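For reference, the structure discussed in these notes is given below.
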Amino acid sequence: QVQLVESGGGLVQAGNSLRLSCAASGRTFSNYAVGWFRQAPGKEREFVAGSTRSGEGTVYADSVKGRFTISRDNAKNTVYLQMNSLKPEDTAVYYCAERVLRVADTSNAYPYWGQGTQVTVSS
């Protein structure tokens, strides 16, 4: 059974950093591209960052480019999202998701999801 568990969320002041983790289990992690998404209250879920299966290829939403970094450790079955220079508009529930083969930037392309972790950035 595929399972994804996010952690690392919390309350931080603007300008500070957080690192989210997503631990995967239930299948061969390196066979799956990974995406981070977020959803703020009253808004649609949006793509934040994605990683290819090897981790060598990454893609970011314009809103986080230069501030967030996605990485993965296939030996540990874990993907990370390092978030620097956080802004109040980054406040959302953050989700990791997996799909076979290529990275995609739309949520409906991902069949496997974690339960989410709350990130709140105060001004």
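Just so we're clear, the structure is a prediction, and the values are computed from it rather than from any experiment.
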Roughly how far, to the nearest 0.5 Å, is CG of Asn108 from CZ of Arg99? 9.5 Å
Heavy-atom pair of closest approach, residues Ser17 and Asn84: OG-OD1, 2.9 Å
Do the side chains of Tyr95 and Gln39 get nearer than 4.5 Å, heavy atoms only? yes
Mind checking what makes salt bridge (charged side-chain N to carboxylate O under 4.0 Å, His left out) contact with Glu89, not counting sequence neighbours? none
Using distance only, find each side-chain donor-acceptor pair of residues 29-36 under 3.5 Å and give its atom names and separation, not counting sequence neighbours.
none

Under the ring-ring contact (aromatic ring centres under 6.0 Å, His included) test, residues paired with Phe68 that sit two or more places apart: none
Do you know the tightest heavy-atom contact between Ala14 and Pro88? CB-CD, 4.1 Å
dist Ser85:OG -> Asn16:CG (nearest 0.5 Å) comes out at 9.5 Å
Cluster link Ile70 to Tyr110, ILVMFWY, side chain under 4.5 Å: no
When you measure from the side chain of Thr91 to the backbone N and O of Val121, does any donor-acceptor pair fall under 3.5 Å? yes
Go through the structure and list residues passing salt bridge (charged side-chain N to carboxylate O under 4.0 Å, His left out) with Arg72, not counting sequence neighbours. none
With rounding to the nearest 0.5 angstrom, report the OG to CD distance, Ser123 to Gln13. 9.0 Å
Report yes if the side chains of Leu11 and Thr120 come closer than 4.5 Å at any heavy-atom pair, otherwise no. yes
Which distance, rounded to the nearest 0.5 Å, do you find between the CG of Leu101 and the OG1 of Thr52? 11.5 Å
Quick one: list whatever passes ring-ring contact (aromatic ring centres under 6.0 Å, His included) with Tyr80, sequence neighbours left out. none
Mind listing the closest non-hydrogen atom pair of Ser107 and Trp113 along with its distance? O-CZ2, 3.3 Å
State, with a plain yes or no, whether a side-chain heavy atom of Leu81 is found less than 4.5 Å away from one of Val48. yes
All heavy atoms of Val103 vs all of Ser51, minimum pair found to be CG2-O, 3.0 Å
Pairs involving residues 30-51, ordered by first then second residue, that meet salt bridge (charged side-chain N to carboxylate O under 4.0 Å, His left out) (sequence neighbours left out): Arg38-Glu46, Arg38-Asp90
Over 60° means perpendicular and under 30° means parallel, so tell me whether Phe47 and Phe37 are parallel, tilted or perpendicular. perpendicular
My understanding is that only one of Gln118, Glu6, Met83 makes a side chain to side chain contact (heavy atoms under 4.5 Å, CB included) with Tyr94; could you say which? Met83
